Each structure stands twice: as structure tokens, then as C-alpha cells.
Student: 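Please see the structure below; I have some questions.
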Amino acid sequence: LTDRTYRDYERKIYFVPNIGIVKDVVFYPSYFEDNKPRTFSTELTEIIDNSSLDIEPNIYTVDYETEKLLEKQSTIKLSTNDNLGDKILDIMKKNDLVTDNAKINKINLDNKKSDILHIDFNKDFIDLSKLGASNESLTLQAIVNTFAQAYAYEGKFNIRKVNITVDGKKYESGHITLKDGEFFDVK
């Protein structure tokens, strides 16, 4: 059992050796706008050996020569203990959207507004030296759209905005500066 109390919620995760997480319970003392307490619980109901979950988000890339955002269907296989964020980051590395040294420090949905996805990258996530203002915007839009598509899996979440931070600080470059309360829109 892992029992943690965060600023806005309490979480209990039940773990069984050689199986993994079998139950996850999250309690919000005041949830969203109505401020009523809510408990969400997820439980393992069945063990299927050698199985994976396939999700099929659209992956966005950039054609830097034509300065266009490209969209293509993709399949991501998730097995037990796989991290969806890392799987997406690997796809982005293969498509030269992020550097080989890019890492996700933290990723989560906003506790109060489930339409905002927060992603904190390390400082090496994109190479600004090879991007002008237009291509930087396209690269960020491809990252935003791809993460929003993947994390909105089966319509469970309607992610409309993505907050990108770098080592805990708001995204900032010579071309783009986000202020507090500003996010990248999913398009």
C-alpha cells in the first residue's frame, strides 16, 4: 500500500508483488466547481498474460520545408508499467521533434480542470538553434496536439490546453513566452 496526501487530494495505491498495481483510489475533498467530495477507484479485474493495450492517437509531425503540420495515425502498445509519456516522447524523437536527450520530468492532468494537461520537460527537449519562430511554433503545436490526442484516450478526457514547462519554469524562448495562466491550445 502506498498512501499519499497531496495538496488537493489523497491517493492510495495497492500493489501486489509480481502483479503490480491492483487498486488505485483517489479522494478529492472538494472536486471541480461544485466542491463536493468525490472518490475515484480503479481495480484490477482480470490478469491476462502477455497482453497489451493498443491506443491509436494521431501523431503530429512537422514538414520544416513547407512549414506545415502533418497528422498521421499511429498505434502505441502499452504493457504493464509502460509510461505513455515516454512512449510518445520516443515517437517524437524518431520524428526529430525533440532531441535525443529530451526527458519528461512530470506529466499530469490538472486536478481541478481535466481539460488541461501539464508537461514538464528537461531543458534539452527541443533544439531552438535549428528553429525559427514559425518552425518553433509548429514544433510546439505538434507536441501539444500529440500529447493531447494520446492522453484523451477513448474520449475519457477532453484536453483543450497543454501547459509546457521546462525544469519547472514556464516555457520561454526568443520567440515565445508564456505568462502565468497562459497555455498552448490544442488545435
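It should be emphasised that the depicted structure is a prediction, and the values quoted were computed from it without experimental measurement.
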Student: Evaluate His175 against Ser137 for side-chain contact (heavy atoms from CB on, under 4.5 Å), listing each step before the verdict.
Tutor: CA-CA 9 Å; His175 309 287; Ser137 291; over 6 Å; no
Student: Looking at Asp63 and Lys68, would you say the former's side chain and the latter's main chain have a donor-acceptor pair under 3.5 Å?
Tutor: no
Student: Looking at Phe27, is its backbone amide N or carbonyl O close enough to the side chain of Lys12 to form a donor-acceptor pair, meaning the two atoms are under 3.5 Å apart?
Tutor: no
Student: Mind checking whether Phe40 and Asp24 have side chains closer than 4.5 Å, heavy atoms only?
Tutor: no
Student: Any chance you could measure Tyr60, atom OH, to Leu140, atom CG, to the nearest 0.5 Å?
Tutor: 15.5 Å
Student: Can you list the residues that meet the salt bridge (Lys or Arg N to Asp or Glu O under 4.0 Å) rule with Lys103, with sequence neighbours excluded?
Tutor: none
Student: Which is it for Tyr64 and Thr139 under the side-chain hydrogen bond (donor to acceptor under 3.5 Å, both in side chains) test, yes or no, and what are the steps along the way?
Tutor: CA-CA 9 Å; Tyr64 292 109; Thr139 299; 2.8 Å; yes
Student: Could you tell me which non-hydrogen atom of Ser173 sits nearest to which non-hydrogen atom of Glu136, and how far apart they are?
Tutor: OG-OE2, 2.6 Å
Student: Could you check Asp124 against Asn101 for side-chain hydrogen bond (donor to acceptor under 3.5 Å, both in side chains), going step by step and ending with a plain yes or no?
Tutor: CA-CA 6 Å; Asp124 298 321; Asn101 296 323; 4.9 Å; no
Student: Is the shortest side-chain N to carboxylate O distance from Asp185 to Lys161 below 4.0 Å?
Tutor: yes
Student: For the backbone of Ser74 and the side chain of Asn58, can you confirm whether one donor and one acceptor N or O come within less than 3.5 Å of each other?
Tutor: no
Student: More than 12 foreign heavy atoms under 6.0 Å from NZ of Lys93: is that the case here?
Tutor: yes
Student: With a 4.5 Å heavy-atom cut-off, do Phe147 and Leu117 have their side chains touching?
Tutor: yes
Student: What I'd like to find out is whether the side chain of Glu10 reaches to under 4.5 Å of the side chain of Val26, using heavy atoms alone.
Tutor: no
Student: Where do Ile164 and Phe121 land on the side-chain contact (heavy atoms from CB on, under 4.5 Å) test, with the steps shown first?
Tutor: CA-CA 7 Å; Ile164 293 179; Phe121 291 99; 3.9 Å; yes
Student: Would you tabulate the side-chain donor-acceptor contacts of residues 82-90 under 3.5 Å, counting partners in other chains and residues two or more places apart, or write 'none'?
Tutor:
| residue | atom | partner | partner atom | Å |
| --- | --- | --- | --- | --- |
| Asp82 | OD2 | Ser79 | N | 2.7 |
| Asn83 | OD1 | Gly85 | N | 2.8 |
| Asn83 | OD1 | Asp86 | N | 3.0 |
| Lys87 | NZ | Lys77 | O | 3.2 |

Student: Taking atom NZ of Lys170 as the centre, report whether more than 12 heavy atoms of other residues, nucleotides or ligands fall under 6.0 Å from it.
Tutor: yes
Student: Please confirm whether the backbone N or O of Ala152 pairs with a side-chain atom of Asn158, one donor and one acceptor, at under 3.5 Å?
Tutor: no
Student: Just so I know, are the side chains of His118 and Lys106 near enough to count as touching, which here means a heavy-atom distance under 4.5 Å?
Tutor: no
Student: If every non-hydrogen atom of Asn122 is compared with every non-hydrogen atom of Ala102, which pair is closest and at what distance?
Tutor: OD1-CA, 3.5 Å
Student: Any heavy-atom pair between the side chains of Ile126 and Tyr171 that's under 4.5 Å?
Tutor: yes
Student: Using 0.5 Å steps for rounding, measure from the CZ atom of Arg11 to the OH atom of Tyr28.
Tutor: 8.5 Å
Student: To the closest 0.5 Å, what do you measure between CG (Leu44) and OH (Tyr14)?
Tutor: 14.5 Å
Student: Can a donor-acceptor pair be found, under 3.5 Å and without considering hydrogens, that links the side chain of Thr146 to the backbone of Ile59?
Tutor: no
Student: For the CD1 atom of Ile159 and the CD1 atom of Ile116, what is their distance to the nearest 0.5 Å?
Tutor: 10.5 Å
Student: Under a 3.5 Å distance rule, please check whether Asn95 uses its side chain to pair with a backbone N or O of Ile91 as donor and acceptor.
Tutor: yes
Student: Report yes if some heavy atom in the side chain of Ile143 is under 4.5 Å from a heavy atom in the side chain of Phe184; otherwise report no.
Tutor: no
Student: Which of these, Ile107, Ile119, Asn108, sits in a side-chain contact (heavy atoms from CB on, under 4.5 Å) with Tyr151?
Tutor: Ile107
Student: Count I, L, V, M, F, W, Y as connected when their side-chain heavy atoms are under 4.5 Å apart, and connections chain through other members. Are Leu97 and Leu70 then in the same cluster?
Tutor: no
Student: Rounded at 0.5 Å granularity, tell me how far OG1 in Thr75 sits from CD1 in Ile55.
Tutor: 9.0 Å
Student: With a 4.5 Å heavy-atom cut-off, do Leu178 and Glu172 have their side chains touching?
Tutor: no
Student: Do the side chains of Val162 and Phe183 get nearer than 4.5 Å, heavy atoms only?
Tutor: no
Student: Working to the nearest 0.5 Å, report the span between CG of Leu78 and CG of Leu53.
Tutor: 5.5 Å
Student: Evaluate the side-chain hydrogen bond (donor to acceptor under 3.5 Å, both in side chains) criterion for residues Gln149 and Asn145: first the C-alpha distance (whole Å), next the side-chain angles of each, then the deciding distance (0.1 Å), finally the verdict.
Tutor: CA-CA 6 Å; Gln149 278 269 326; Asn145 289 358; over 6 Å; no
